[in-house]
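Sequence positions, counted from 1, serve as the residue numbers for this chain.
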Amino acid sequence: MGKDGELAPIRRKRRSWNRDEKRRIVDESLEEGASIAEVARRHELNANQLFTWRREFDVDPAAPKNLTPILPVTIASDTTAEGSTSGSRGQMEIVLSEGDRILVWADVETAALSRVLKALSRR
């Protein structure tokens, strides 16, 4: 207790990390599927601190690890495909590397298409 019967504030001991420990934690944050927040929590540090260490080690968080190759695109004349709804004015066909096809009509909601593409990019 402090003066006048008040509780003294709890002081946290500041942790010190050596360069090897920082490097190990930074490397862990760079592993495939790793979450910065989860890695930081596991080591009891703030995610912002981990971002700072990544900058110290010249790690570019925006640099993609595996670049997707640019694929050829063919633009064909507008044809009406089976199953198209009346009023649709065009379509886009996306052929994935495994051969799966996605047909996108002009009236698709942008948000819905974004969710589908984001989910596919995680496969």
Side-chain angles (χ1 to χ4, degrees):
M1 286 207 177
K3 297 181 204 174
D4 303 327
E6 294 180 16
L7 292 176
I10 298 173
R11 293 186 185 245
R12 291 186 180 186
K13 185 178 179 184
R14 191 174 199 133
R15 263 181 105 165
S16 177
W17 302 89
N18 68 39
R19 188 154 179 83
D20 290 337
E21 291 171 321
K22 290 179 183 181
R23 183 75 228 190
R24 185 178 47 78
I25 295 169
V26 166
D27 287 344
E28 185 179 333
S29 76
L30 297 172
E31 291 176 5
E32 185 70 30
S35 161
I36 297 285
E38 288 176 17
V39 171
R41 257 192 309 272
R42 193 168 30 255
H43 296 282
E44 298 177 357
L45 60 106
N46 187 296
N48 290 328
Q49 182 66 61
L50 184 49
F51 280 115
T52 299
W53 291 350
R54 287 170 63 134
R55 281 191 303 275
E56 285 176 13
F57 286 104
D58 292 325
V59 173
D60 184 4
K65 294 176 188 169
N66 297 321
L67 296 176
T68 303
I70 296 176
L71 301 174
V73 174
T74 305
I75 300 176
S77 62
D78 188 17
T79 59
T80 305
E82 292 179 318
S84 68
T85 59
S86 60
S88 290
R89 303 183 75 189
Q91 74 179 34
M92 177 188 339
E93 179 180 4
I94 303 170
V95 181
L96 304 175
S97 60
E98 296 86 23
D100 295 324
R101 293 176 37 200
I102 301 171
L103 293 176
V104 181
W105 295 98
D107 59 350
V108 70
E109 292 182 20
T110 305
L113 179 58
S114 294
R115 286 191 302 273
V116 169
L117 294 174
K118 185 178 280 188
L120 288 171
S121 71
R122 293 183 186 139
R123 297 192 325 166

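- The shortest heavy-atom contact between S29 and A34 is O-CB, 3.6 Å.
- Taking 4.0 Å as the cut-off between side-chain N and carboxylate O, R24 and D20 do not count as a salt-bridged pair.
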Next item on the list: Give the intermediate values and the outcome of side-chain contact (heavy atoms from CB on, under 4.5 Å) for residues E31 and V39.
Entry: CA-CA 10 Å; E31 291 176 5; V39 171; over 6 Å; no
Margin query: Before you tell me yes or no, could you show the steps for I25 and L45 under side-chain contact (heavy atoms from CB on, under 4.5 Å), namely the whole-Å CA-CA distance, both residues' side-chain angles and the distance that decides it to 0.1 Å?
Written below: CA-CA 10 Å; I25 295 169; L45 60 106; 4.2 Å; yes
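- Atom CZ of R54 and atom CZ of R23 lie 10.0 Å apart (nearest 0.5 Å).
- The CD atom of E28 sits 10.0 Å away from atom CD1 of I36, with the distance rounded to the nearest 0.5 Å.
- The closest side-chain heavy-atom distance from R15 to H43 is not below 4.5 Å.
- Between S16 and E21 the shortest heavy-atom distance is O-OE1, 4.1 Å.
- A donor-acceptor pair is defined here as one N or O able to donate and one able to accept, closer than 3.5 Å; no such pair exists between the side chain of Q49 and the backbone of N46.
- The side-chain heavy atoms of V26 and E56, taken from C-beta on, include no pair separated by under 4.5 Å.
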